[in-house]
Each structure stands twice: as C-alpha cells, then as structure tokens.
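Reviewing the structure listed below.
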Amino acid sequence: MNPVIITAALTGPIATKADNPGLPVTPEEIAAAAAAACQAGASVAHIHLRDEHGRPTADLSIARRVLDLIREQSPILVQLSTGVGLDVPFEEREKLVELRPRMATLNPCTMSFSAGEFRNPPQGVRRLAGRMMELGVKAELEIYDSGHADFCNVLLQEGLLAEPLQFSIVMGVRGGMAATAENLLHTLRKLPPGAIWQAIAIGRGNLNLTAIAIAMGGNARTGLEDTLYLRKGELAPDNSALVKRLAGVCKSLEHPVATVSQAEELLSLSRGVSRN
Ligand code: KMH
Ligand code: ZN
C-alpha cells in the first residue's frame with residue numbers, strides 16, 4: 001500500500017480572515033502555515049497568493065517571495081495554483097509556472113463556478129500544459145466534472161501531459177459535480193491506468209469524502225481553502241489542525257502518511273536546484 005500524500009490547501013481564493021481568523025494571507029503567514037502543515041503531516045502545500053488588499057493575485061514578485069520564504073522554513077513541496085481566482089485573467093495565471101515550482105495545478109475546462117465563471121480556454125490550457133512539460137512542472141489536473149477527465153485523456157493523447165497523471169477529483173463546487181461517492185466512482189473509472197489521484201470535497205462533505213478516498217487508495221487534501229470548519233459550528237483554528245486530523249484518519253485506516261521524500265518519489269517530480 002502506497003503512503004498517503006497529504007496536501008494542505010492553505011488559503012484559496014475566496015475566504016477572508018473575517019470568515020476564519022486563522023487564514024494565512026500575507027507571504028509570511030503563508031510560509032509559516034506551510035511549515036506548520038508539514039510538521040503536522042503534509043508533504044505538499046497548495047498555494048494561492050493574495051495582494052496587499054487580500055485579493056487573489058498572480059503577481060510574480062509576491063509568488064517569488066512566498067516560494068523563497070517557504071523554502072527557508074520547510075522542505076514541503078510547493079504546488080502553485082494556476083487557478084488563482086476567478087477575476088484574474090488566464091494569461092496572467094499561466095505566467096506563474098515560469099517560476100518553476102515543483103508542481104502547479106492545471107484546470108482543464110471553463111465552467112460556472114458558484115456565481116462566477118472560471119475561464120480556462122482550450123488553446124490556453126494546451127499552451128500551459130505544454131509549457132509545464134517544458135519546464136518540468138508537474139501538473140495536478142483539477143476535475144470538477146467527469147467530462148474534464150475525458151478532456152485530460154485527449155491532452156494525454158496529444159502529448160501535452162506526462163505520466164503518471166495526477167488528478168484532483170473536485171466535488172461540491174456549484175457548477176461542477178456534487179460531493180457524492182457515486183460521482184467520485186464514476187469519475188475514477190475515466191482516469192488512465194496508473195493515475196495518481198485525490199478527492200477534494202468542498203464544504204460539508206469534506207471529511208467523509210476524503211476518508212472514502214483514502215480508504216480507496218487515493219491521496220488526501222485538506223486545509224482552509226476547502227473547509228473553514230473542523231466540525232459543524234467549530235471553526236478550524238488553523239490549517240495544521242485540519243492536517244493533524246487528516247493524518248489521524250490515515251492512521252485509523254492503517255494507511256501510512258507519506259514523508260516529503262516519499263511524496264517526491266510517488267509523484268515522479270523532476271529534480272532541480274533550489275526548487276520548492
Ligand atoms: N479551489 C478548488 C475548488 C486550483 O487552485 O487551481 C480547486 C483548486 C484548483 O484548488
Ligand atoms: Zn486552489
């Protein structure tokens with residue numbers, strides 16, 4: 001049985017400190033949260049950036065500062081979000097991979113996302129996928145609906161993705177598939193053989209669907225991007241509390257938690273000098 005890679009999604013594009021005071025927003029807070037999450041059992045930090053007003057941004061100097069601070073404080077592997085936030089143009093978002101993080105997300109399709117629109121035009125997605133391959137940045141494919149997995153299979157056939165493919169099955173976003181075990185199973189059947197995957201269940205279904213995914217041999221993600229609460233009515237004090245709880249779930253299910261170097265190996269990350 002492979003160890004479970006725990007990803008900590010520390011900030012996301014939507015929540016504010018008013019929603020949860022433990023949300024890390026500044027580069028310093030994000031780096032400290034990444035280090036604490038690593039201590040608690042996370043081997044990957046999924047990173048969104050915020051500007052000085054707390055708004056989602058793809059500003060390269062902020063991204064550089066966050067990457068540098070994380071590297072100073074922790075061995076955790078960095079996955080930069082190229083999803084960034086609904087109001088940031090695709091053409092700005094895709095530039096983030098030029099910083100050559102070890103990993104970055106690739107959102108394959110345009111979709112409704114709650115009250116907004118998440119724009120991922122097919123030719124832009126192809127350009128970004130190709131550039132990530134050139135730079136050796138591992139793509140995590142964000143699947144909000146089972147048809148998105150079909151499109152990733154097309155990208156694979158076109159030679160724009162490197163195996164093993166890594167997927168997040170995202171459930172619970174309004175505009176994507178609902179957080180149900182049935183949707184998870186249906187989508188998993190579409191993944192190519194040897195694919196690595198995790199479930200991301202936004203909101204209320206977070207703990208149960210994540211546990212189902214771990215029991216099925218998937219990896220796991222948690223963090224204040226995905227859920228602000230530890231349980232109904234109780235805000236999570238910080239990201240590391242959510243990671244600690246998830247590591248406990250893995251332990252109860254007798255699945256070991258991956259170390260950073262195990263995660264690096266399992267994800268087939270390309271090595272490079274001074275990269276997170
Ligand atoms: N925000 C989640 C619904 C990304 O940042 O590129 C999925 C996600 C994708 O984390
Ligand atoms: Zn994200």
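Numbering of ligands and ligand atoms starts at 1, following listing order.
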Are Ser168 and Gln198 linked by a side-chain donor-acceptor pair shorter than 3.5 Å? yes

Establish, from distance only, whether the side-chain atoms of His48 and Ser81 form a donor-acceptor pair under 3.5 Å. yes

Rounding to 0.5 Å, atoms CZ (Phe167) and NZ (Lys190) come to a distance of 11.5 Å

I'd like to check which ligand 1 atoms, numbered from 1 as shown, lie under 4.0 Å from a non-hydrogen atom of [X].
{"X": "Val170", "result": "3 (C)"}
{"X": "Gly83", "result": "6 (O)"}
{"X": "Asn107", "result": "4 (C), 6 (O), 9 (C)"}
{"X": "Glu142", "result": "7 (C), 8 (C), 9 (C)"}

Considering both backbone and side-chain atoms of [X], is one of its nitrogen or oxygen atoms within less than 3.5 Å of a nitrogen or oxygen in ligand 1?
{"X": "His46", "value": "yes"}
{"X": "His48", "value": "yes"}
{"X": "Tyr144", "value": "no"}
{"X": "Ser81", "value": "yes"}

inquiry  = Could you go through Asn107 and Tyr144, starting from their C-alpha distance and side-chain angles, then the distance that decides it, and tell me whether this counts as side-chain hydrogen bond (donor to acceptor under 3.5 Å, both in side chains)?
reply    = CA-CA 9 Å; Asn107 292 274; Tyr144 302 79; 2.7 Å; yes

Answer key: the N, O or S atom of His48 nearest to the Zn ion (ligand 2) is NE2

Tell me whether Arg127 is salt-bridged to Glu94, with the criterion being a basic N under 4.0 Å from an acidic carboxylate O. yes

Going by the 4.0 angstrom heavy-atom rule, the piece of Arg221 near ligand 1 is side chain

So for Val84 against ligand 1, with non-hydrogen atoms under 4.0 Å, the contacting part is neither

Any donor and acceptor pair, going by atom type alone, linking the side chain of [X] with main-chain N or O of [Y] inside 3.5 Å?
{"X": "Asp145", "Y": "Gly176", "result": "no"}
{"X": "Asn20", "Y": "Ala236", "result": "yes"}
{"X": "Glu234", "Y": "Leu230", "result": "no"}

Original post:
N/O/S atom of Glu225 under 2.8 Å from the Zn ion (ligand 2), yes or no?
Top reply: yes

shortest atom 2 (C) of ligand 1-to-protein heavy-atom contact is with Glu225 OE2, 3.6 Å

The closest protein heavy-atom partner of atom 6 (O) of ligand 1 is Thr105 OG1, 2.7 Å

Checking Val97, Leu128, Asn120 against Leu106 for side chain to side chain contact (heavy atoms under 4.5 Å, CB included), the one that qualifies is Leu128

